[in-house]
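The structure under discussion appears below in the form of structure tokens.
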Amino acid sequence: MSSASSMNSLTVATAAIFGSLGLLWLYKKLRSQQRRAGLKDKVVLITGASSGVGEACARAFYCLGCKVILCARRAPELERVKKELMALKLAPGIPAHTPHVIPLDLERLDELPDKAKEALALHGHVDILINNGGMSGRGSVAETVLSVHQKIMNVNHFGSLVLTSAILPNMISRRSGHILAVSSIQGRIAIPFRSAYSASKHAMQAFFDSLRAEVAEHNIHVTVLSPSYIKTNISLSALDGDGSVHAKMDSTTAGGMSTVYVADKVVDAVAKRQSDVVLGPFTHGAAIYIRALVPNLYFWIMAGRARKGTKTED
Ligand SMILES: *[C@@H]1O[C@H](CO)[C@@H](O)[C@H](O)[C@H]1NC(C)=O
């Protein structure tokens, strides 16, 4: 072979590789758009919809033409979100379904089945359940009272569990549905001074992993989304060990991902039926692998972190 013709075949090969990568990229983009478009008219129930990630999810699903059901404790805030959604100008061909508001408190577990019934009665079913509502905690185990552990476990874990269990029979009978849990990287690794929060998120991860396997045969999909820090008000309403409200904006929270970005990944996860999504900087994702593969290294890093006493700052 002459050097000219080998140059030629090299050029052809390179063009073929980049051409196929380009086509693959285009195909994926179109496929993703098509899947998102497929969410039109779906009934989406979102907890924690009065602010933060929940509010951003409400907006994202509403803009795709979904029938959103907004749930959280604060009714006036839900009404504000509803009003803001209805003021949005939607893309051509996207129906503007009037959002519904159902105030609920995830801590009041005995009231949740009735709330689920109320939600199911609106459209006869719920297609997508976004278990997003939750709260955080700050403080060492030594100074955290039991009621704080219980409250955080109730809101994050049992709240999502009860609501999910109440919606599930309807999904099973329709052989259709998607349940997403907004967990946390702390559902995969525990960090010091977050024992209650980490434990509640680990519980969620286990519960939804177990559920995913059980409902696969009913054509129901389960996603656990584990984001790192998100720029929300979560640290403001977090509980300190003694049960008082933390009421501070932590620097890690303030420097976190935007709620719009996370909501986009929530929509993606539903559209692509992803089972498990970890979101955040590389080092946070890597920590999950370090914990799994070299646990003693992870424990050493965390002990160092605890010694520095970063109780409130991340
Ligand atoms: C945090 O709370 C403030 C004041 O209520 C509100 O304006 C802001 O939108 C909230 N942030 C998020 C991300 O929800």
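Numbering of ligands and ligand atoms starts at 1, following listing order. Every value quoted in this text rests on a predicted model; they were computed, and no experiment measured them.
The shortest contact between atom 4 (C) of ligand 1 and any protein heavy atom is with Asn233 ND2, 4.5 Å. In terms of protein heavy-atom proximity, atom 14 (O) of ligand 1 is nearest to Gly52 N, 2.9 Å.
The pair Arg36-Asp264 meets the salt-bridge criterion, since a charged nitrogen lies less than 4.0 angstrom from a carboxylate oxygen. Salt bridge annotation for Glu79-Arg74: absent, with no cationic side-chain nitrogen under 4.0 angstrom from a carboxylate oxygen. Of the charged side-chain nitrogens involved, none lies within less than 4.0 Å of a carboxylate oxygen, so that Arg273 and Asp268 do not count as a salt-bridged pair. Remark: Lys115 does not engage Glu111 in a salt bridge, criterion side-chain N to carboxylate O under 4.0 Å.
Ligand-side atoms of ligand 1 in range of Ser51: 14 (O), range being under 4.0 angstrom from any heavy atom. For ligand 1, the atoms sitting less than 4.0 Å from at least one non-hydrogen atom of Lys231 are 13 (C), numbered in the order shown with element in parentheses.
Put simply, the residue from Ile128, Asp127, Val44 that forms a side-chain contact (heavy atoms from CB on, under 4.5 Å) with Leu39 is Ile128.
By the definition of a contact as any protein heavy atom under 4.0 Å away, atom 7 (O) of ligand 1 is not in contact.
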